[in-house]
Amino acid sequence: MDLPARASITRQPRIVLAFDLDNMYVACERLRNPWLVGKPVGVQQKGLLATASYEARALGVDKLCTLREAKQRCPSLILVNGEDLTLYRYYSRRVFNLVRSVLGTCPVEKLGMDEVFCDVTEMITEHLAELEGTSPGPQGRWFSLAQADPTEHSENKGFWYNPSLGCPGHTIPEPEATNTVNSGTEPPTEIVVASHLANHIRHLILTQIGLGSSAGIAYNKTLAKLVGNLHKPHQQTTLTVHPGTAGEYTRVVRALLDPLDAHKLMGFGWKVLCTLRDHVTGSPRASIYDTTTENHHSNTTLTVAFLRQSLTEQHFRALLGAQNGQKLWNLLDGKDEEPVKSSPEFPLTISIEDSFDERRGTLDWQGVLQEIEILANSLLRRLEIELVDGGEIDGIRSDSSLPKPPRKWQRYPSQIRLTIRGGHSKEIAYNANRESRSAALPVPVFDLDVPRVERAQALVRQPLAGLAKQILDKGMERKTVEKYEVSIINIAVTHLQITTPTKSINAFFSAGMVNGEPSLGIGSHLNVTDDVTSTIGSKRPRTIYASDLDLEMLRELPPDIRDDVLREYGIDVSELDLDERPHKQSKSDASPVAIGTKSEARPSQNPLVAISNVVSEHEIGTSVSSSSSNDEGPLSDEEPEIGNAECTICGAVVFSWSMDAHIAYHAGS
DNA sequence: GGTAAAATTT
DNA sequence: AAATTTT
């Protein structure tokens, strides 16, 4: 053979697409409530602005600023509460499923909520092989796709593209430069075709799901992601140089990477940068949390060029570990062999957490248990949505008219872990003060015949209360003798398995005893002491009216899940006239319903159904900063702050601000 | 910076 | 099993 002996231990370069959904949270909120389209929108999580729409950024709103700053800079900013992630998970999964169905057997990896990597080497190679010896017709080339999900997009078996037009969108280097400056090196056909494929997938995501995206196309993950971020909303960028062209590749990639902050490369996180900085500056501990700037990565920006010139491969291996150091060192040259790993159909862990400020997070033992129970309940709810196959598609029942199939768990977590971060000091480094304990997950939590609240309560009694005790009694800070300071509580289930668990726990549901002691009152109906109930959440439960819910949308839900939703909000199903034709509702006959604060732990609406989560002016006032003069909070008023309006078409009463969207809903159906 | 999840290290 | 690190 003419192959050099043991030619490449190193892998062949892969053709990688990296997709990034544009402004995902805002885009999702706009799908739920089209009234938000074109307006300056901010997504709020706790007291901060998690993200802002491009309109808002144009008006001077920075990401990562406090709500007060945001409102100050841009009074017209519309805030949406984004603490409940259900809606984003839903779209994230739809995008992932769509991409996977288009690409067939090619690996598709989900990175977080809004990013997807695809290794399309196989697909491109096969396509090119089929084209061998043929020439493009008048319409160009036909790219035949893997059999897509027939129910959702049977039309889309492929797409036309014109290879002679080069890559759609931006390229690096620019095509002119390729032709004139260099000796006419054309981009490899495979990367051009991959670029067309990426373009088509973006088109599908936009037309079938309604989300805009950006993409990067390159010969490895790091570079694909990196160039994808170069031109952001609704664009794509292709790095056309092939690693085989060693000289040119190095030149182009270095020109690209050298001026960048190394932090932009995957793997160069805060810790790694601190380690490197300490050794470069020779001043160990110079880079701990900087309280003056309140910035985690600090002072000196380390560029890729600087790192490569001031340190060596050996330094990297010594400082960061032989394996990891080598990988990171190679990254400085844009060398990255990380394979695109197919994301499993089910995650390996599922966790849920809530954060607490001093007000909410200074709790006695009862209070801690109460918060844990709320989280446990949310977690169980999520497990049922995501792990139980009850004919759900993307978390929503598909057809309520079919006989209900037996609800079967698709995965069984076997461990449960409780993590608590104590203390509210600003000084604590990002991840410090976290302690976790884990235990076997009692099998009876899978018994769907037992009401979820009961299973949640049982889970608190065993084993969560015990785990909490272990954590809190081992040197967690407490404010007074009987108050604990907690800033984060997280509950995770892990070790998800396909096989049904066997280990059984005696009398799991029998109330009363924890470790031989009488159990503490946990359920809200139990012997909760004094003011605990009334201080659930940072505000008093807000009064809303049943008519505030979008009845039209609710009617569309299958009865069982709809009832479940309503039950969750404590709404008496009989109050709502859901199964009959809509009749007039006026404010006076709508019944007040108490709803807690919005968060993942306390969802206040079905995020897929509610028209939106727009935060009222008053709430902004409260959450920004406690200039609120009374402990009750301004929202304890009987009157809703927001005007309602009655739909002239169906008579439903909705928020005034959502009427546009409501009308649009009629138009669309 | 809040939330979720994975991988790696101890 | 717990803690750390990254995205």
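Protein chains get the first letters and strands the later ones, always in sequence-line order, with residue 1 at the start of each. Excluded from the calculations below are hydrogen atoms, water molecules and symmetry mates; all remaining heavy atoms, backbone and side chain alike, are included.
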- [ ] Would you indicate which nucleotide in B/dG2, B/dA5, C/dA2 comes nearest to any side-chain atom of A/R437?
- [x] C/dA2
Between the protein and nucleotides 6-10 of chain B, which nitrogen or oxygen pairs are less than 3.5 angstrom apart?
{"residue": "B/dA6", "atom": "OP1", "partner": "A/L348", "partner atom": "N", "Å": "2.7"}
{"residue": "B/dA6", "atom": "OP2", "partner": "A/T349", "partner atom": "N", "Å": "2.9"}
{"residue": "B/dA6", "atom": "OP2", "partner": "A/T349", "partner atom": "OG1", "Å": "2.7"}

Between [atom2] of [N] and [atom1] of [X], the distance in whole Å:
| X | N | atom1 | atom2 | value |
| --- | --- | --- | --- | --- |
| A/K225 | C/dT7 | NZ | C1' | 7 Å |
| A/M113 | B/dA5 | CE | C1' | 10 Å |
| A/R417 | B/dT3 | CZ | C1' | 14 Å |
| A/N81 | B/dT3 | CG | P | 10 Å |
| A/Y25 | B/dT3 | OH | C1' | 7 Å |

Just to verify, what does [X] make a side-chain contact (heavy atoms from CB on, under 4.5 Å) with, not counting sequence neighbours?
| X | result |
| --- | --- |
| A/D333 | A/R254, A/R308, A/K335 |
| A/E313 | A/R317, A/Q326, A/W329 |
| A/Q323 | none |

Open item on the list: Salt bridge or not between A/R381 and A/E386? Use side-chain N to carboxylate O under 4.0 Å.
Closed with: no
Task: By salt bridge (charged side-chain N to carboxylate O under 4.0 Å, His left out) - contacts of A/R57 (at least two apart) - done: none
Open item on the list: Enumerate the salt bridge (Lys or Arg N to Asp or Glu O under 4.0 Å) contacts for residues 318-327 of chain A, please, sequence neighbours excluded, ordered by first and then second residue.
Closed with: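 Sorted result for residues 318-327 of chain A: A/K327-A/E338.
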TODO: Would you mind classifying the nucleic acid contact of A/K264 as base, sugar-phosphate or nothing, using non-hydrogen atoms under 4.0 angstrom?
DONE: nothing
